J.: 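So that we are looking at the same thing, I have put the structure below in structure tokens.
Being a predicted model, the structure only gives us computed values, none of them experimental. Within every chain, numbering begins at 1; the chains are lettered A, B, ... in the order of the sequence lines, protein sequences first and strands thereafter.
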2 protein chains.
Amino acid sequence: MDKLGENLDRFRRSCKAKGFRLTPQRIAIYEALLACEHHPGAEDISRAVRTIYPDISMDTVYRTLNTFSKIGLIHPVDGHGRPRRYDPIVEPHHHFRCKQCDRIIDFYDERLNRVSPPDYILQKFTVSTVKVTLEGVCDQCSQPRKSTRAAEL
Amino acid sequence: MDKLGENLDRFRRSCKAKGFRLTPQRIAIYEALLACEHHPGAEDISRAVRTIYPDISMDTVYRTLNTFSKIGLIHPVDGHGRPRRYDPIVEPHHHFRCKQCDRIIDFYDERLNRVSPPDYILQKFTVSTVKVTLEGVCDQCSQPRKSTRAAEL
DNA sequence: AGACAAATAAGAATTATTCTTATATAATAA
DNA sequence: TTATTATATAAGAATAATTCTTATTTGTCT
Ligand SMILES: [Mn+2]
Ligand SMILES: [Mn+2]
Ligand SMILES: [Zn+2]
Ligand SMILES: [Zn+2]
């Protein structure tokens, strides 16, 4: 089975397991999450789903994203002052966020997966997640204007 | 000079250097930031400052916090769906966030300061900050009820 | 097919933050 | 010290993101 199929299958099983109904809206929202790159926000999801279900309400989008988050199907990603975004990839990975274009780019690194808090923290707190997040300027934004224009200057 | 004095001095110099006026509101807001533990939000700051300046407006609080952030006097801290919070400590340090009580607790660790992204990321992106954030349940919240009650049970 | 709990659409409500504008004031210089 | 002026402020309107309320619809299980 391909990656998309795997994800959809996990989605169906998660819903069943938790007693959630398999509605067309939920399926469309989950598919939109998988299709969108760079961690879509509720507005992105709504826009994508509207092409198929023009009457989808923002409330359903938000409610569904919250439901998915609660059962661990997706992870909410901080919006840094902008609207919250969502990540359909729940396997361990890390994020680079461009301060200029606000893209959030995934990357995978074993070394970072193994970053661990100091012992005195582990003794005091129950640590469930360790997140490493990079911020800076992405390759696209650090290029001197558009590549076509750059030749002219 | 003590730590508080040092901070206030740096604050005065930063304002001067950037040509910002040293208003009573700004001083009070900065002092409130230093006094509050666990990374206050705009509402916390407003409440603290109101005891001295009852007429401080939310707009001034937000505007001032934004100004301070821009000149690097403080750092905004993600609110995870709740209101944004602010950190008057700009020296390198790390955060543990309790998912239950929402406290954000500082800790210092040299090893985590040195966490570095993989080379292929550094080649592609200009990385300006690396944040390690822990989430979980804090010592207070994981205690079985209140300590006084615990003895009874 | 029928029953029913759960999900939805629509739009009101709430919350956090920013904007607008008229007034006040910190900094600077006469 | 006072006058000048650009900057900061208070007040409240406006905006944006998210949640809530309610009446209706629809999956799921007989
Ligand atoms: Mn991701
Ligand atoms: Mn801190
Ligand atoms: Zn970029
Ligand atoms: Zn706690």
J.: What residues, two or more places apart in sequence or in another chain, satisfy salt bridge (charged side-chain N to carboxylate O under 4.0 Å, His left out) together with B:D44?
T.: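 If we apply the salt bridge (charged side-chain N to carboxylate O under 4.0 Å, His left out) test to B:D44, skipping adjacent residues, the hits are B:R47.
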J.: Could B:D139 and B:R103 be called an ion pair, given the rule that one side-chain N must be under 4.0 Å from one carboxylate O?
T.: yes
J.: Enumerate the protein-to-nucleotides 24-30 of chain D contacts in which both atoms are nitrogen or oxygen and the separation is below 3.5 Å.
T.:
unit_1 : atom_1 : unit_2 : atom_2 : d
D:dT26 : O2     : A:R21  : NH1    : 3.3
D:dG27 : N2     : A:R21  : NH2    : 2.9
D:dT28 : OP1    : A:L22  : N      : 2.9

J.: Would you kindly give the NE2-to-C1' distance between B:H80 and D:dT18, to the nearest whole Å?
T.: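 Taking atom C1' of D:dT18 as the reference, NE2 of B:H80 is at 17 Å.
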J.: Considering every strand and a 4.0 Å limit on heavy-atom distances, what is the contact class for B:D59: base, sugar-phosphate, or nothing?
T.: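 It contacts base atoms.
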J.: Is there a side-chain contact between A:Y62 and the phosphate of D:dT18, meaning an N or O under 4.0 Å from OP1 or OP2?
T.: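 For A:Y62, the contact criterion (side-chain N or O under 4.0 Å from OP1 or OP2 of D:dT18) is met.
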J.: Taking CD1 from B:I27 and P from C:dA27, how many angstroms apart are they, rounded to a whole number?
T.: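 Atom CD1 in B:I27 sits about 8 Å away from atom P in C:dA27.
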J.: Starting from the 5' end of DNA chain C, give me the residue, B:R82 or A:Y53, whose nearest nucleotide shows up first.
T.: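 Here A:Y53 is the residue nearer the 5' end.
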J.: Using distance alone, with no hydrogens and no angle criterion, decide if B:R10 and B:N7 have a side-chain donor and acceptor under 3.5 Å apart.
T.: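 Yes, B:N7 and B:R10 have a side-chain donor paired with an acceptor closer than 3.5 Å.
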J.: With the 4.5 Å side-chain cut-off for hydrophobic clustering, are A:I104 and B:V127 part of the same group?
T.: no
J.: Starting from P on D:dT7, measure out to NZ on B:K18 and report it in whole angstrom.
T.: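 Value for this atom pair: 16 Å.
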J.: Whole Å only: how far is the CG atom of A:D44 from the P atom of D:dT18?
T.: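 Spelled out: CG on A:D44 to P on D:dT18 is 11 Å.
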J.: Taking atom C1' of C:dC19 as reference, at what distance in whole Å does atom CE of B:M58 sit?
T.: 15 Å
J.: Measure CG/A:N66 against C1'/C:dA7 and give the value in whole Å, please.
T.: 14 Å
J.: Taking A:L33 as the fixed residue, which of A:I89, A:D87, A:L65, A:L73 is the one that meets the side chain to side chain contact (heavy atoms under 4.5 Å, CB included) rule?
T.: A:L65
J.: Tell me every residue that passes side chain to side chain contact (heavy atoms under 4.5 Å, CB included) with B:S69, counting only those two or more places apart in sequence or in another chain.
T.: B:I74, B:P76, B:Y86
J.: Respond yes when some side-chain nitrogen or oxygen of B:R84 is under 4.0 Å from OP1 or OP2 of C:dA16, and no when none is.
T.: no
J.: C:dA9 P sits how many Å from A:R50 CZ, rounded?
T.: 12 Å
J.: Kindly say if B:T60 contacts the phosphate of D:dA10, meaning a side-chain N or O under 4.0 Å from OP1 or OP2.
T.: yes
J.: I want to check one thing: is the phosphate of D:dA8, taken as OP1 and OP2, less than 4.0 Å away from some side-chain N or O of B:R26?
T.: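 Answer yes for this pair, as a side-chain N or O of B:R26 is under 4.0 Å from OP1 or OP2.
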J.: For the residue pair A:Y30 and A:F11, does the interplanar ring angle fall in the parallel (under 30°), tilted (30 to 60°) or perpendicular (over 60°) class?
T.: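 The arrangement is parallel - the two ring planes meet at less than 30°.
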J.: Whole angstrom is fine here: how far is it from CG in A:L65 over to P in C:dA7?
T.: 15 Å
J.: If each of B:P54 and B:G19 is mapped to the nucleotide of DNA chain D with the nearest heavy atom, which maps nearer the 5' terminus, i.e. the 5' end?
T.: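 Result: B:G19.
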